Amino acid sequence: MIKRFKSFQILKIKRTSILRPSLYIAVLTLFLMSCESIKTAVFDQYAYQEAISIKVESLNLMDEAVASYSEHEDDVQTLLLDLQKILEYEKNKPNNEVSFAMWQVVTDKERNLLAGFLERWKEKNQLSKVFIGEAKGQVTEALDLLIKYEANKNKTNETNILNFLSTN
């Protein structure tokens, strides 16, 4: 009887020593899987600097829309090329759906943001100061949201962008 009891204790110890590492592996796997689902792209100095650069260049160029489009066509084409570059860059960054979606809206010629403004300027040849002022407010809001999100990719800044996207 004592021999059976000792062999039972040995089996119990072996089971415990086998189960413990398995439990650790299972917990670690679940933790890593949960972290994978909430991934966000890390801070990117290039994207941050480009967003600031595009904002400054855009707002300055928008002020020129009181003049003839043809006078600034080269500047517009340069800005549109910069927008295409940043859009392509953001598209190919992992875990970057929010920034990419915002850049898509900013660069969409059918929307009322930057690319849409430039398209309207091209169609009308000149725009009024009142219209330019209103458009600059919208473009500023969109680019500020992007800049804040690039600087600090937290839930609040992400929510602000998602709210903007849902209303524009």
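Both backbone and side-chain heavy atoms feed into the values below; hydrogens, waters and symmetry mates do not. Please read these numbers as outputs of a predicted model, since none were measured by experiment.
When all heavy atoms are compared, the tightest approach of Ser99 to Glu150 is OG-OE2, 3.0 Å. When all heavy atoms of Asp63 and Val66 are compared, the closest pair comes out as O-CG2, 3.8 Å. The shortest non-hydrogen separation linking Lys148 to Asn157 is O-ND2, 3.3 Å. Here the shortest heavy-atom pairing between Asn96 and Lys153 reads OD1-NZ, 3.4 Å. Shown here for Lys91 and Phe100, the closest heavy-atom pair between the two residues is CB-CE1, 3.2 Å. For Leu114 against Val139, the heavy-atom pair with the smallest separation is N-CG2, 3.7 Å.
Between Glu88 and Lys85 no salt bridge is recorded (no basic side-chain N to carboxylate O distance below 4.0 Å). Here Lys93 pairs with Glu90 in a salt bridge; the nearest charged N to carboxylate O distance falls below 4.0 Å. With respect to the salt-bridge test (charged N to carboxylate O, under 4.0 angstrom), the residues Lys155 and Glu158 qualify.
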Exercise for the section: Could you walk me through whether His72 and Leu79 pass the side-chain contact (heavy atoms from CB on, under 4.5 Å) test, one step at a time? Expected result: CA-CA 11 Å; His72 299 281; Leu79 182 56; over 6 Å; no

Exercise for the section: Report the C-alpha distance between Gln84 and Thr107 in whole Å, list the side-chain angles of each, state the deciding distance to 0.1 Å, and finish with yes or no for side-chain contact (heavy atoms from CB on, under 4.5 Å). Expected result: CA-CA 8 Å; Gln84 287 176 337; Thr107 60; over 6 Å; no

Exercise for the section: List the steps and the verdict of side-chain contact (heavy atoms from CB on, under 4.5 Å) for Lys122 and Val76. Expected result: CA-CA 9 Å; Lys122 182 179 179 180; Val76 170; over 6 Å; no

Exercise for the section: Would you sort out whether Tyr69 and Leu118 count as a side-chain contact (heavy atoms from CB on, under 4.5 Å), showing the intermediate values? Expected result: CA-CA 9 Å; Tyr69 176 83; Leu118 297 172; 5.7 Å; no

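More than 12 heavy atoms of other shown residues, nucleotides or ligands fall within 6.0 angstrom of atom CD in Glu73.
Between Phe117 and Asn112 the shortest side-chain heavy-atom distance does not fall below 4.5 Å.
Here the straight-line distance linking atom CG of Leu87 with atom CG of Asp82 works out to 12.5 Å at 0.5 Å rounding. Between the CE atom of Met62 and the CZ atom of Phe131 there is a distance of 7.5 Å, given to the nearest 0.5 Å. Here the CG-OH distance, from Leu146 to Tyr48, works out to 12.5 Å after rounding to the nearest 0.5 Å. With values rounded to the nearest 0.5 angstrom, Ile132 atom CD1 is found 8.0 Å from Trp121 atom CH2. One finds the CE atom of Met102 at 4.5 Å from the CG atom of Leu145 (value rounded to the nearest 0.5 Å). How far NZ of Lys55 is from CG of Asn60: 11.0 Å, rounded to the nearest 0.5 Å.
Defined by atom type and a distance below 3.5 Å, a donor-acceptor pair is present between the side-chain atoms of Ser53 and Glu57. Side-chain contact of Asp108 with Gln104: a donor-acceptor pair under 3.5 Å is absent, judged by distance alone.
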